[in-house]
Participant: 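Structure below; questions to follow.
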Protein chains: 2
Amino acid sequence: MNPSRPRIPEATVARLAVYLRVLGGLADSGRASVSSGELAGAAGVNPAGLRKDLSHLGPCGVRGVGYDVAGLRDRIARVLGVERSRACVLVGLGNLGSALADYAGFGSRGFEFVGLFDSSPQRIGQVIGGRPVLALTELDDVVTGTAATIGVIATPAEVAQEICDRLTAAGVRSILNFAPVTLTAPAGVDVRQVDLSVELQVLAFLDTSRDAGRDTGSDARVPAVGGMA
Amino acid sequence: MNPSRPRIPEATVARLAVYLRVLGGLADSGRASVSSGELAGAAGVNPAGLRKDLSHLGPCGVRGVGYDVAGLRDRIARVLGVERSRACVLVGLGNLGSALADYAGFGSRGFEFVGLFDSSPQRIGQVIGGRPVLALTELDDVVTGTAATIGVIATPAEVAQEICDRLTAAGVRSILNFAPVTLTAPAGVDVRQVDLSVELQVLAFLDTSRDAGRDTGSDARVPAVGGMA
DNA sequence: AACCGCTTGTGAACGCAGGAACAAAGTCGC
DNA sequence: GCGACTTTGTTCCTGCGTTCACAAGCGGTT
């Protein structure tokens with residue numbers, strides 16, 4: 001209940017980001033206030049769970065009325081640390097990296113790519129998402145110069161660990177890795193892994209077990225797709 | 001412990017997919033057997049947890065020796081339902097969709113895109129990842145004709161729900177959604193959400209709480225940048 | 001053939017997340 | 001001004017996931 005210090009469960013943080021997106025949409029459509037039930041419905045979660053998540057921020061609603069859309073949005077943004085723009089670097093501009101660099105969803109949510117890096121001479125100098133692709137040799141200078149603390153790895157798996165080492169050596173402390181390898185990073189560095197094929201394989205398993213499972217399928221397990229992934 | 005039927009926790013399924021990837025690498029490098037400790041290290045998990053995960057498949061190791069790499073790999077692949085190729089359709093071939101269509105990691109893990117769809121006339125007819133982009137009007141015929149059960153949505157958020165409806169109406173029962181919206185699907189359809197900006201926001205939160213949390217950072221004298229934003 | 005070391009598989013405890021029910025609080029209507 | 005309704009914030013409880021620790025089993029060695 002302490003508003004800022006006591007650590008918030010990671011699952012809650014992931015949902016807060018979802019609430020933030022929904023609130024942004026509501027604010028754009030002119031809504032002034034919203035109830036927990038409606039917000040939970042739009043986010044795909046349980047209303048009680050949503051209120052519990054918000055309780056980690058301290059009281060921020062008005063009983064009998066609901067939540068102020070803009071106020072709650074700003075409060076969540078502040079807690080998540082996205083109320084100010086954060087500098088990120090992106091390494092690897094193949095298909096996936098280019099998609100990430102050009103993804104408007106990042107810029108609109110407080111993330112700015114201050115450096116795009118690739119090892120291929122063919123890609124260096126290209127402009128993707130409004131920024132030029134730089135050579136890997138400039139990585140260290142850019143990271144230290146911009147004080148970027150977030151790095152995104154979209155390279156082939158073979159070089160991902162090396163890039164991770166260089167990023168951490170340059171001062172990056174949070175890494176989002178799309179390469180299908182398990183990275184090892186020094187203590188104090190957070191690494192989040194997004195493996196697209198893992199997501200598909202989980203789907204395949206659910207599909208298979210549904211086909212084969214006419215016995216268990218009685219209850220229709222609806223796992224309340226909690227889109228954290 | 002029942003080898004195949006009793007439902008395996010979803011968290012375990014996700015890790016099994018990671019083990020499968022690691023085992024594939026070990027098999028390629030000629031390794032014949034591997035211990036739980038080594039495999040856990042390569043996958044970034046606890047050895048005891050790994051053994052518990054594998055226990056859901058029934059006994060599949062040899063005490064005192066370890067696990068047979070190829071045998072365990074095939075067994076996991078069979079449980080996950082990826083030992084045979086699965087037909088998938090992909091809707092939305094912007095930057096992200098094109099990256100997905102061209103991502104070799106899918107094909108090598110038992111997923112084949114049997115149909116790429118987009119609404120833009122400019123993209124229809126283009127060949128991406130070896131397959132032509134089709135018009136959305138053909139979606140229903142392709143899904144029913146190929147018996148595809150998995151659909152991937154990489155469209156703008158505005159049309160994602162409509163695509164979801166069309167996919168489920170055509171018979172798709174598993175959906176991987178990259179659009180930043182919460183989809184509602186009929187019961188019996190699994191939806192997994194991958195929101196890239198949510199991942200970054202979780203990183204931002206960890207970063208912020210680390211900056212503010214002077215208690216945890218006891219051991220690491222992080223010289224790094226002088227912390228002026 | 002028996003011992004010993006190594007590794008798996010499992011049982012138990014701990015902590016955490018999720019869900020439902022209840023009390024507090026504020027607003028709207030009369 | 002007062003009552004009733006609405007909605008939040010909290011508390012309890014149930015279940016799951018994770019971790020630790022130990023017994024069981026197999027191979028190699030003497």
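All values below come from the heavy atoms of this structure, side chains included, with hydrogens, waters and symmetry mates left out. Treat the numbers as computed from the prediction; the structure is a model and nothing was measured. Here is how names work: the chains are called A, B, and so on, in the same order as the sequence lines, proteins then strands, and each is numbered from 1.
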Participant: Can you figure out which of C/dT8, D/dT19, C/dA21 approaches the side chain of B/N46 most closely?
Facilitator: D/dT19

Participant: Measure the distance from CG on A/D68 to C1' on D/dT7 and round it to the nearest whole Å.
Facilitator: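 A/D68 atom CG is separated from D/dT7 atom C1' by 15 Å.
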
Participant: Over how many whole Å does the gap from A/R51 atom CZ to C/dG19 atom C1' extend?
Facilitator: 11 Å

Participant: D/dT8 P sits how many Å from A/E38 CD, rounded?
Facilitator: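 After rounding, the reported distance stands at 10 Å.
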
Participant: Within the structure shown, what part of the strands sits under 4.0 Å from B/G66 by heavy-atom distance: base, sugar-phosphate, or nothing?
Facilitator: sugar-phosphate

Participant: Please round to the nearest 0.5 Å and tell me the distance separating atom CG of B/L80 and atom CG of A/D207.
Facilitator: 12.5 Å

Participant: Pick the closest DNA chain D nucleotide for A/V65 and for A/A48 by heavy atoms, then say which residue is nearer the 5' end.
Facilitator: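 Checking each residue's closest nucleotide, the 5'-ward one belongs to A/V65.
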
Participant: Judged by each residue's nearest nucleotide on DNA chain C, which is more toward the 5′ side, B/G37 or A/K52?
Facilitator: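 Closer to the 5' end of DNA chain C: B/G37.
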
Participant: Ignoring the backbone of A/Y67, work out which of D/dG17, D/dT8, C/dT10 is nearest its side chain.
Facilitator: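 Minimum distance to the A/Y67 side chain belongs to D/dT8.
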
Participant: Indicate the atoms forming the closest heavy-atom contact of A/S36 with A/L50, along with that distance.
Facilitator: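 Smallest heavy-atom distance, with atoms named: CB-CD2, 3.9 Å.
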
Participant: May I ask you to say whether A/R78 pairs ionically with A/E83, meaning some side-chain N is under 4.0 Å from a carboxylate O?
Facilitator: no

Participant: Specify the separation, in whole Å, of atom CZ of A/R63 and atom C1' of C/dG26.
Facilitator: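 After rounding, the gap between these two atoms is 9 Å.
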
Participant: Any carboxylate oxygen within less than 4.0 angstrom of a Lys/Arg side-chain nitrogen, looking at A/D195 and B/R21?
Facilitator: yes

Participant: Would you mind reading off the distance between B/L50 atom CG and C/dT8 atom P, rounded to a whole angstrom?
Facilitator: 9 Å

Participant: Nearest 0.5 Å, what's the CG-SG distance between B/L176 and B/C88?
Facilitator: 9.5 Å

Participant: Is A/S36 close enough to D/dT8 that one of its side-chain N or O atoms is under 4.0 Å from OP1 or OP2 there?
Facilitator: yes

Participant: Take the protein atom CG of B/L72 and the nucleotide atom P of C/dT8, then report the distance between them rounded to whole Å.
Facilitator: 11 Å

Participant: For B/L54 and C/dT8, give me the distance from atom CG to atom C1', rounded to whole Å.
Facilitator: 10 Å

Participant: What's the CG-C1' distance between B/L39 and C/dC6, to the nearest Å?
Facilitator: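 Distance check: B/L39 CG to C/dC6 C1' gives 17 Å.
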
